[in-house]
Each structure stands twice: as structure tokens, then as C-alpha cells.
Amino acid sequence: MSGFEEIEKKWQAEWSEKGLDRADRISGRPKFMIIFAYPGVTGFLHVGHLRGYTYTDAIGRYKRMTGYNVMFPVGTHATGNGAITLASRVANKDLDFIDYLTRNGCPEEKLEELKDPMKAVDFFNTIYVNEYWKRFGFLADWRRFTCTVHPDYGKFIQWQFKKLNECDLLMQKPYYSPACPVHGPVAIDASETDISKGGSAEVQEYTLLKFRHGDEYLIAATLRPETVYGQVCFWVNPDVQYTRIKKGNETWIVSKEAAEKLQLQVDGITVLSPIAGKDMIGWMCKAPMIHKDVPVLPASFSDPNVGSGMVTSVPSDAPDDWISLEALKKDRAVAKKYGLSETLIDSVVPISIISIEGYGDFPAEDIILSMGIDQPGDPRLDEAKKQVYKDGYHMGRMKDICGPFSGMRVEEAKDKMKQAMIDSGEAEVFYDLTEEVVCRCGMPVRVKRIDDQWFIDYGNEELTERTSEHCRHMEIYPPEFNENVHTTLRWFRERACVRQGNWLGTRFPVDEKWIIEAISDSTLYPLYYIISLYANDGRISPDNMTEEFFDHVALGKGDAEEVSKNTGIPKDVLDDIREDIKYWYPLDINLGGKEHMTVHFPVFLFNHRAILPDNMQPKGILVNWYITGKKNKISKSKGGAQPIPGAVEQFGVDPLRLYYAHVASMFVDVEWSEDNVMTYRQRLDRIIGTVEELLTSEEAGGKKEIDEWLISRFNGHSASIEAAMEKYDLRQMATAVYFEMLNDIKWYGRRGGNCKETVTEALRMWIPLMAPVTPHIAEELWSAAGFEGLVSSSQLPAAGPVSGAAEYREEFVREVMSDVIQIKKVTSATPKKIFLYTTPSWRSDVMRMGLEMMEAGALDIPSLTKKCMADENLRKNGKAVSEFVKKAVTDLTRSSSESKKYLIETDEYSLLISAKGFLTEELGADVEVFSSDDPDAYDPHNKSKAAVPGRPAIYLE
RNA sequence: GCAGGGGUAGCCAAGCACGGAAAAGGCGCAGGACUUAGGAUCCUGUUCUUAGUGAUACAAGGGUUCAAAUCCCUUCCCCUGCACCA
């Protein structure tokens, strides 16, 4: 056979030529529509991504071969700022990035046009389709390709949002989002898709506490409003410049950084005069809630970038506060420097407010002592803080001095106290990020209030209930997700669905200043693949694609004549689209990576349920896990993984496809390993070699027992594959096809099988089963075998009957062989002769009786013994019989009656006689077979007495 | 924290929803065959013990049962996702 690459090209051309990749409606023929969640266009993909895509193609191919008309469309997702960033990096001559492009095969002259984001999208779209999906031999309907930034797709999304609006699922409310000043709201996540720094940052809610000083307020930001009863002083960093700001008719003092952040979240803030931290030291200010005057003291840990830049001090429960207060009391020089009197310092004493199991009156003190921290600025203070916060929150209870909150659990008191202070005007809410975040464009990301943010109301109970109910009728794998998709749906609340700024995407039809964000424009899109065909070939254009058009083709609203007149689309085209949608929808399988479980899949389900009728609801979801790198996830953005074209060249497409299908269950992560792929390549080589050998073999014998065995085995595999594929279990299928069936066919040859007719029959079963996972090789072998047509468009034959008897008999021979080898090994002798003694017939008789009793449901040792003793012949052997009965009964109760039936029915003697030649050759010694009943048998060591049904006695000489 | 998943040979990994001789299959390793056009192929073995037997063994410990990797409880240890990111 020629090289992989050559046969890949050959058969891909052939499939395309014969139109296997085109999915058209065929009335009356069952259909199967499958997609993978389309990838975002953010750069080159790597070998990990092809895992899920390959599953999709293999399942589609299998369905095609079991009678279905299969539609497998593909597309890409370009909404967002990925392409914009990419283009700007090219435009800015970012060397690392240009190197990344060229390393992955981007020609130099292409760089110029990549400065245009849309061109960049086109560039990658072409790569995804030609270098990844087509290269992998997918039978996708390329005519239907769509991309989220194409104008026709946009029309579809606008229609979808109009429908959501009609269902009252769009709403507006203020929203606090991490936002870039240029690009608007950004996503913060570990993959750092939108941002260049700070992927693990979180938005934290601070309570701003207002401390009155004269007619001004010093503002402290706290994460623990429940600790206000323990406030004893106020920390200001003497080395920081603060500023006064006008907030409504109040004057606040905060750090300059905090002032900037506040302006993003609160209206009408004006910055007034600056004030140095050191000028506030020694002030007295009135603490909220407890209304006590507390002194302002110096603290270096107070960071202007965090919160308001000032901190209220609760030494009892805050390690920083405790250690700073202690330091201040110890080092009187500092107090002196700021003119603080000793009496003032001494008057500040911690107040115990929360009791936590395992801690004393002052949790902060305890944790500091146990961790051995002895001065401010110790880096472990952060850990100490986290620990004591966590324990306090979950196990703590408010002590009796906490007024109306006394006795409450901290978890409960926290919200209540915060709310009480907000209500009395002593506190406000403020949001900040836990660490510095920088947008891809280089600008700092801050939390910003957006007043008129639009949301999709996934919190809608009625919709949630209906969606959840529908999921009960779906096929969702893995089973865990099938279980917890319901909780995921319930956990969803409103989701911001639009954003502003420099983003690619579709204009929000309700208010055009917004652009629909990336998740929200990718929920209903499988439906669009049916329509995209017509937009792509020009039969309809974005101008025609009005709300009325979509209402008609998707929902069956309106009269075709009328719609045709209003849209300018010919009626027959409208009818075709409508019929296509009725034929292809609902979607049978949506396959996607595990990251979709809490993001894409729920909204995919919600939107279908909200907009489309009952008979258009999705039928299945398949989730696949990742291919990982050595230590961490192979990442698109961080590179390091093998580019796809290189891998294809190195290993061949089919070995890669087999690797994905078989290396592990779909539902576990797999560590990428070239050696693994290589072993799959070798396995395919072996299969190819074996088949070629079978085809070219000159030997031609008649049918023997082993022929029946082979066909029975293959029928069994076919049936188990059918069952496995009901659950889309490609791995189990691949085990049968590429391992077990190969082993069987090898064994067949070893046992002297050489019947042309059987071999042909076996290949007709085997090769098509290879077509879903390794289509190119299957095609090549199919043609080499001289079978008609393309195997990819053939139908899998229904599984024939299995012969339990034939399989049992073969197993018996194998056991005998293995036992002899065992004995040879243990004795480390090389025998010249091997004597086999089949069971004495009385033992079979006992077994037979036992089996009868078991089937009658009355098998036990005493009654079987009794029954045996009633037999005159058996009674002669009294002692041996009763001993054997014990063994037989335990034996019988432990295993299925099915296998015991074969055990009794098999004529072991003639079976061994027929296998004599084979055993002699395999074992390298002459084999003699005797029946234990034979009084003249050569048996010098009386081994024959060990013979039982299914287990002949063995003597080596 | 919330939600969920898992611990099976040197390694990867089936089996577990529905209890019925545990180790499918692969990799690795060790012998042997064939022979070095190869990242080969074929055979055998791979917990201990042993004339093919027997004994141990599915994270640890309990329980239910004639019977437990599988069902229940306790403990220990790993992992995943958590929102505007396909």
C-alpha cells in the first residue's frame, strides 16, 4: 500500500467527487444532524482540538452507514476582540506574534492583509477548513460553512434577539463589570482570552464604611462588615497621598486610585483637594454602627490600590490590624513622630466580637501566634488573613456585645449588618478586582457600573422549568452531566448579553449602540446551518433576511406567497428552506468540550426552548474532555503544542483519528504523547499487512470448524459495536474493531483457517467497521479487496447469529494449550510427549444432573449426592463421587448455566483429536489423547484421575 | 465557598447505573521465534506460590448479603467547573 498521505488525498477527492460531503434533504429517509461547538477564531489550533472534531465526524460516518442521511456542518466563531487584537499585533509589528504566525506556516506576504481584522478572520477560517477539517477527512458539508461575523449570520442573530424580546426574556438593569476603557466589558478568566494579565482576578464586593470627621467622611473599605463591633481605630498610610472628593453633597476622603475607580461606579463624583495621609494621623472620627470615636493611626500595610486605600481596624479578627497595633504600642518612636500621646495609644484595646470553635477571644492573635508571625509586613499575613476569615465566616457566631446581631452566625450577620448600615446611610457598596488586570490592548481593567446593561433573563423560572423538563428526554453524555445539567440550569441567572466598544459581532436590534456578546450569539446557530446554504450560494442575501423571513422558515408563520412578495425571495426557495428546516431539525447531537457544560450548553438549551416549538428541541449532547500537555492544558494562546499539519505529516490522519477514538474514554483528559500515536500507527500497519496477506494468500481450503468460530466471533463483535454506538462509545467500538477482530483473524490463520469464502465474508464485515474512525485506510482496503463502490457510503450489515458452542470449543482448546504451557513453565522441562486425558464420563453425568437441578432451582450438595447415589454405576465410585459433587455444586452456582451447558454438551475427546495436529505443532511435542474411561490408556502417574469436564488431565513426559 | 467527579497491576485504562469466578484492551518489561529495507513482526509470560493448584488483591476501615471493585457508612488523598471565556 502507498503512503498515508497519498491515500488520504486520493479518497478525499473521491468522496467529494461522489458528493458524500453534501447533505441534502431526501424525503422519507431518516436524518441525523450533528455539529461540534464551533471554535473561536483566535489563532492556530493544535492537536488537542481535533479530538472532539474527530468524534463528530466518526459518529456522523457511523450513522451514515446505518441508514441515516447525515448532516455535519461546520463554522467558526469570531465574535469579540480576538481578531482585532490579532490584527493590531500584526499592525504593531509584534515580533513574537509574527514569529508565531510564520512558524505555523503563514507566508510573509500574507502579513500585510492580516492587519485587517476581517481579513484575519478569513485567513483563519480558510486554515480551519482546509488544513484541519478537510485534511482530517471530515465529511462535513462545506457549502454550509458559516461564521458569526458574516452579515447573513448577523441577520439570524438579530431575529433571534427579537424573538427573545417578544418572549419578555430581555431586561435592563445596572451591572458592575470588569471593563477596559477602550473595549468596554471584558471577560476575566484563566485562559486570558480578552486580557493580557490578571486571569485569576475576581470581582470582590467591598462595603465602604463612612467615618465622620467634622463635616467630612474618611472612607474605609472592608470585606467583613460583620466585624464593625470590634472597631477600635482607623488606619491611614502616612506615606500615601489621599484626596477629597465630592460625592453628592458629602465630602469623602479616599486614595487617588480609589477616587478614579469610584468615578466609574458612582455618578457625580468630583475630585477636590489632595490631602496627605500623615496630616490625618491623630484625628478622631466616628465609626459607623457603633458610633464611637476612634483615633486615626498610621499603618504601612494600607495600600492605596486596594479598596479605598484606608482601613478600619478590627484587631480581634484581622491579623494585619493586630500585628500593626502591637507594633505601634511597642515602638513608641513612631507614635512620637506623629505626635500621638501614649494615653491615646494605650486606650486602643481589641474587643472580642466573634466566637469561633478552636479559637480564643482574639482569633487574629491566635493565628499570628500559631504561624509565628511577629512583625507587620510578613508575607504570611495574607495566608493568616484568609484562614481566619474563612473559619470566621463558616464557623463563627456573633458574641453578645453585637447588639441586635448577637448570637447570629457570621454567615447571616454579614449581610444583615451590611444592609443595616447601607439603610442608615453609614455604608455603601463598592466593587474592586483582587489583582491587577490588563486588557489585551494594554489598558487597565477596572470595575465599571453600566446602567442600561441588557440581560437575557435565564433566571426566568418558567423557562428554566421547561428547559429542565426537556433535558429529561434528551440523550446527554456523560451520565454525570445528564444528572447535573438540571442544577446548572437552575443556577443560571440573568446573563449580560451585549457590550460596547471595539468588538466584532452583531448589532443588538433593540438598541443598536450595543453589540451582542460572544456566548449569546451562539446558542441557536445549529439551525442557521440549514439556511446558510442558501445565503452562501446567493439564492438569498442578507437584505432579504427579514424578521418575516425567519418567522416563516423557522416557525412556519405567515403565508409563503405573502412572505415571498415582501422579501423578494422566490416562493420555491422559501418552500425549500422551510422544508429543509422541517426535515433536518431538531439537532441530534451537539458535541463540545467540557468547558461548555456550564456556559454554552445551558444557553443553547434555554434559547431553543424559549424560541422554537416542541418538535425542534435538541435531542442530544456529547461532552468531550481534553488532550493535555505534560503538566498543564495545551493552550491555543500559549503555544507549545504540535501544529496540526506537522502532526498529520508525521503520523498520518488515520493513526491520529484512531488515537483520539481509542486512547481513552471520551470523558477523561488525556496527556498528549507522540509515542502513543505511534503505537496506533503501528497497529494500523499491522491491520493493513494482515488484510493484504489474506487477500494475496494462494492457499485455499474448505470450511472447517474454525470458520464457524470466526464468523461467530465477528457477529458477536458487530452486535457489541452496535450496542456501544447506541451510547456513542467510540472507544469500545475501536477496541472491538482494531484489537479484538485483528486478534481473532490472526487466531483463525493460526488454527489453519484458509477458506476464501470465509475470509471474504469476514472482510466484508470488518473493513466497513473501520470506516467511521479510519476512513482512508478502510477505503483503501475495501478497494484492494475488490469490493464494489465506496465503503464510506456502504451500509453496515446487520449482525448475524453467534454460535456459543463453537466459541466454547475454541476456548477449550486454548485453555488446554495454556495449561500445558503453564506446566512446562513451572517444571521448566521440555517434554517430548504430551498426554491428554478427557474427563471420565461419570463426572459429566454428575454435572449434567447438577445442571438439571439448578435449572429446576433445587441445587444443593446433599440432594445432588443423594441423586447420584441412586445411580448404580455412580455408586461404585461412591467416595470420589461425593467429593466431586461438592466441587461441581460450588462450580455450578458460581457461573452461568449457559456456559455449563456447552461444557456438558462438548465431546471433548473428538475435539482434542481434531486439534491434535495443531497442538503438536504449537507445543513442540507429540500429543496423545485418551479418554479417562479407556482402561488401556497409557497413564504411568495416574494423572487421568484429575480430569474433570472442561479440564482434561495432562501428563508430560 | 458552591456544584460535581475520581482513587483498579510498573504506566494508561475497562468493569461500577443492574452484586455472581476481577483485572478487558493497550503501553512498558522479560523470554523465545524470525531475522536486522523497519519507530518492525509473530509467539509466550508479567501479584505471590504451584504439575495446570492454591493464596492475596480494586485508597483505608467498617456494614448489608449465600456472594461486594460494584450497594450503604466513616476516614484519607487527588481532580474539574464556577459566568459574560466556542
Side-chain angles (χ1 to χ4, degrees), chain A residues 36-42 49 52 75-80 82 148 175 177-178 185-195 199 390 393-394 411 453 455-456 458 478-481 483-484 487-488 491-499 517-520 522 525 592-600 602-603 625-626 662-665 667-671 673-676 678-683 685-686 689-690 731-732 734-736 738-740 743 746 750 815-827 829 890-891 893-896 922 941 943 946 951-956:
Chain A
F36 55 72
Y38 51 29
V41 184
T42 50
H49 293 96
T76 60
H77 182 266
T79 309
T148 58
Y175 176 61
S177 165
V186 296
I188 296 183
D189 71 293
S191 71
E192 301 192 342
T193 307
D194 286 358
I195 56 181
K390 203 169 131 186
Y393 185 74
H394 295 289
E411 258 180 286
Q453 174 70 47
F455 294 81
I456 301 176
Y458 293 123
E480 301 88 87
F481 187 50
E483 295 285 319
N484 65 32
T487 26
T488 308
W491 166 75
F492 255 76
R493 299 194 296 271
E494 306 84 20
R495 185 185 181 92
C497 61
V498 295
R499 67 201 329 172
E517 66 82 38
I519 302 292
S520 303
S522 303
Y525 73 92
K594 64 179 178 181
E595 77 277 17
H596 296 301
M597 286 193 289
T598 49
V599 185
H600 167 64
V603 296
W625 264 234
Y626 300 139
H662 187 264
V663 69
S665 126
F667 316 125
V668 294
D669 286 333
V670 172
E671 195 177 287
S673 139
E674 298 199 354
D675 289 349
N676 272 349
M678 214 50 220
T679 59
Y680 283 105
R681 186 190 162 117
Q682 284 163 11
R683 177 144 297 263
D685 281 334
R686 271 164 75 185
T690 304
R731 180 170 205 253
Q732 204 180 323
T735 301
Y738 300 92
F739 294 87
E740 290 168 357
N743 288 345
K746 289 262 175 209
R750 209 171 142 197
E815 287 281 323
V816 170
M817 213 171 105
S818 156
D819 281 350
V820 173
I821 289 165
Q822 270 287 324
I823 298 168
K824 273 169 77 173
K825 191 193 158 205
V826 171
T827 56
T890 19
D891 229 30
T893 44
R894 271 188 189 164
S895 61
S896 72
E922 290 282 331
H941 287 83
K943 288 283 180 192
R951 209 96 199 253
I954 296 164
Y955 171 59
L956 306 187

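Using P as the reference atom, A67(B) and A22(B) are 14 Å apart when rounded to the nearest Å. The P atoms of A69(B) and G62(B) are separated by 14 Å, rounded to the nearest whole Å. A14(B) and G26(B) have their P atoms separated by 15 Å, given to the nearest Å. For the P atoms, the distance from C43(B) to G7(B) is 32 Å, rounded to whole Å. Going from the P atom of A21(B) to that of C16(B) covers 13 Å, rounded to whole Å. When the C1' atom is used for both U36(B) and C42(B), the distance is 15 Å, rounded to whole Å.
Here A51(B) is the nucleotide among A51(B), A13(B), G52(B) with the atom lying nearest to any side-chain atom of Tyr955(A). Each of G39(B), A86(B), G52(B) was ranked by its minimum atom distance to the side chain of Ile519(A); first place goes to A86(B). Counting only heavy atoms from C-beta on, Ala664(A) has its side chain closest to A13(B) among G52(B), A13(B), A3(B). Among G25(B), C42(B), A86(B), the nucleotide with an atom closest to any side-chain atom of His49(A) is A86(B). Picking from G52(B), G39(B), G45(B) the nucleotide with the shortest atom distance to the side chain of Ile954(A) gives G52(B). You'll find that the side chain of Arg750(A) is closest to C43(B), out of G52(B), A13(B), C43(B). Closest approach to the Met678(A) side chain among A83(B), G39(B), A3(B) is made by G39(B) (side chain taken as heavy atoms from C-beta onward). Closest approach to the Thr598(A) side chain among G45(B), A83(B), G81(B) is made by G81(B) (side chain taken as heavy atoms from C-beta onward). Listed nucleotides C42(B), C84(B), U44(B) differ in distance to Lys746(A); the shortest reach to its side chain belongs to C42(B).
A17(B) has its base syn relative to the sugar, with a glycosidic angle deviating from 0 by at most 90°.
The ring of Trp491(A) lies on top of the base of A83(B), close enough and flat enough: under 5.5 Å between centres, under 30° between planes.
What separates NZ of Lys824(A) from C1' of G31(B) is a distance of 13 Å, to the nearest Å. Here the C1' atom of nucleotide C27(B) and the CZ atom of Arg681(A) are 18 Å apart, to the nearest Å. When rounded to the nearest whole Å, the span between CG of Asn484(A) and P of A3(B) equals 12 Å. We find that OH of Tyr680(A) is positioned 14 Å from P of G25(B), with the value rounded to whole Å. Whole-Å rounding puts the Glu740(A) CD to A14(B) P distance at 15 Å. Distance NZ (Lys594(A)) to C1' (A3(B)): 15 Å, rounded to an integer number of Å. At whole-Å resolution of the value, CZ in Phe739(A) and C1' in A13(B) are 12 Å apart. Rounded to an integer number of Å, the gap from Gln822(A) CD to U53(B) C1' is 10 Å.
Tyr738(A) has its ring centre no less than 6.0 Å from the ring centre of His662(A). Residues Tyr38(A) and Tyr525(A) bring their aromatic ring centres within 6.0 Å.
Residue contacts shown for Asp685(A) are absent, as no nucleic acid heavy atom lies under 4.0 Å away. Counting non-hydrogen atoms under 4.0 angstrom, Glu815(A) reaches nothing in the nucleic acid. In this structure, Pro952(A) reaches the bases: a heavy-atom distance under 4.0 Å links it to at least one base atom across the strands shown. The residue His77(A) sits close only to the backbone: its heavy atoms come under 4.0 Å of sugar-phosphate atoms, none of a base. Thr827(A) comes within contact range of at least one nucleobase, with a heavy-atom separation under 4.0 Å. Within 4.0 Å (heavy atoms only), Ala518(A) reaches sugar-phosphate atoms of the nucleic acid but no base atom. The residue Met597(A) sits apart from the nucleic acid: no heavy atom pair falls under 4.0 Å.
With both pairing distances under 3.5 Å, A69(B) is matched to nothing as a Watson-Crick or G-U wobble pair. In this entry C76(B) has G7(B) as its Watson-Crick or G-U wobble partner, both defining distances falling under 3.5 Å. Base pairing of G19(B) is not made with any nucleotide, judged by Watson-Crick or G-U wobble geometry with both donor-acceptor distances under 3.5 Å. Shown here, G1(B) forms a base pair with C82(B); the pair counts as Watson-Crick or G-U wobble because both key distances fall under 3.5 Å. Taking a pair to require two hydrogen-bonding distances under 3.5 Å in either a Watson-Crick or a G-U wobble arrangement, C29(B) pairs with G45(B).
Where Ser665(A) and Lys943(A) each meet RNA chain B at their nearest nucleotide, the meeting point lying more 5' is that of Ser665(A). In this structure, Gln682(A) and Ile821(A) both approach RNA chain B, and ranking their closest nucleotides by distance from the 5' end singles out Gln682(A).
Using a 4.0 Å cut-off, no side-chain N or O of Arg493(A) falls inside it from OP1 or OP2 of C82(B). Listed pair Arg951(A) / U53(B) meets the phosphate criterion, a side-chain N or O lying under 4.0 Å from OP1 or OP2.
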Checking Val498(A) against Phe455(A) for the side-chain contact (heavy atoms from CB on, under 4.5 Å) test, could you report, in this order, the C-alpha distance in whole Å, the side-chain angles of both residues, the deciding distance, and whether it holds?
CA-CA 8 Å; Val498(A) 295; Phe455(A) 294 81; over 6 Å; no

Assess whether side-chain contact (heavy atoms from CB on, under 4.5 Å) is satisfied between Ile823(A) and Ile954(A), documenting all intermediate values.
CA-CA 9 Å; Ile823(A) 298 168; Ile954(A) 296 164; 3.9 Å; yes

I would like to know whether Leu956(A) and Lys824(A) meet side-chain contact (heavy atoms from CB on, under 4.5 Å); could you show each step before the answer?
CA-CA 8 Å; Leu956(A) 306 187; Lys824(A) 273 169 77 173; 3.9 Å; yes

Going through the checks in order, is the side-chain contact (heavy atoms from CB on, under 4.5 Å) test met by Phe492(A) and Thr598(A)?
CA-CA 9 Å; Phe492(A) 255 76; Thr598(A) 49; 5.5 Å; no

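Side-chain atoms of Met817(A) and Gln822(A), non-hydrogen and from C-beta on, never get closer than 4.5 Å to each other.
Here the straight-line distance linking atom CZ of Arg731(A) with atom OG1 of Thr735(A) works out to 5.5 Å at 0.5 Å rounding. The CD atom of Glu494(A) sits 11.5 Å away from atom CD of Gln453(A), with the distance rounded to the nearest 0.5 Å.
For Asn676(A) against G26(B), no side-chain N or O and base N or O form a donor-acceptor pair under 3.5 Å.
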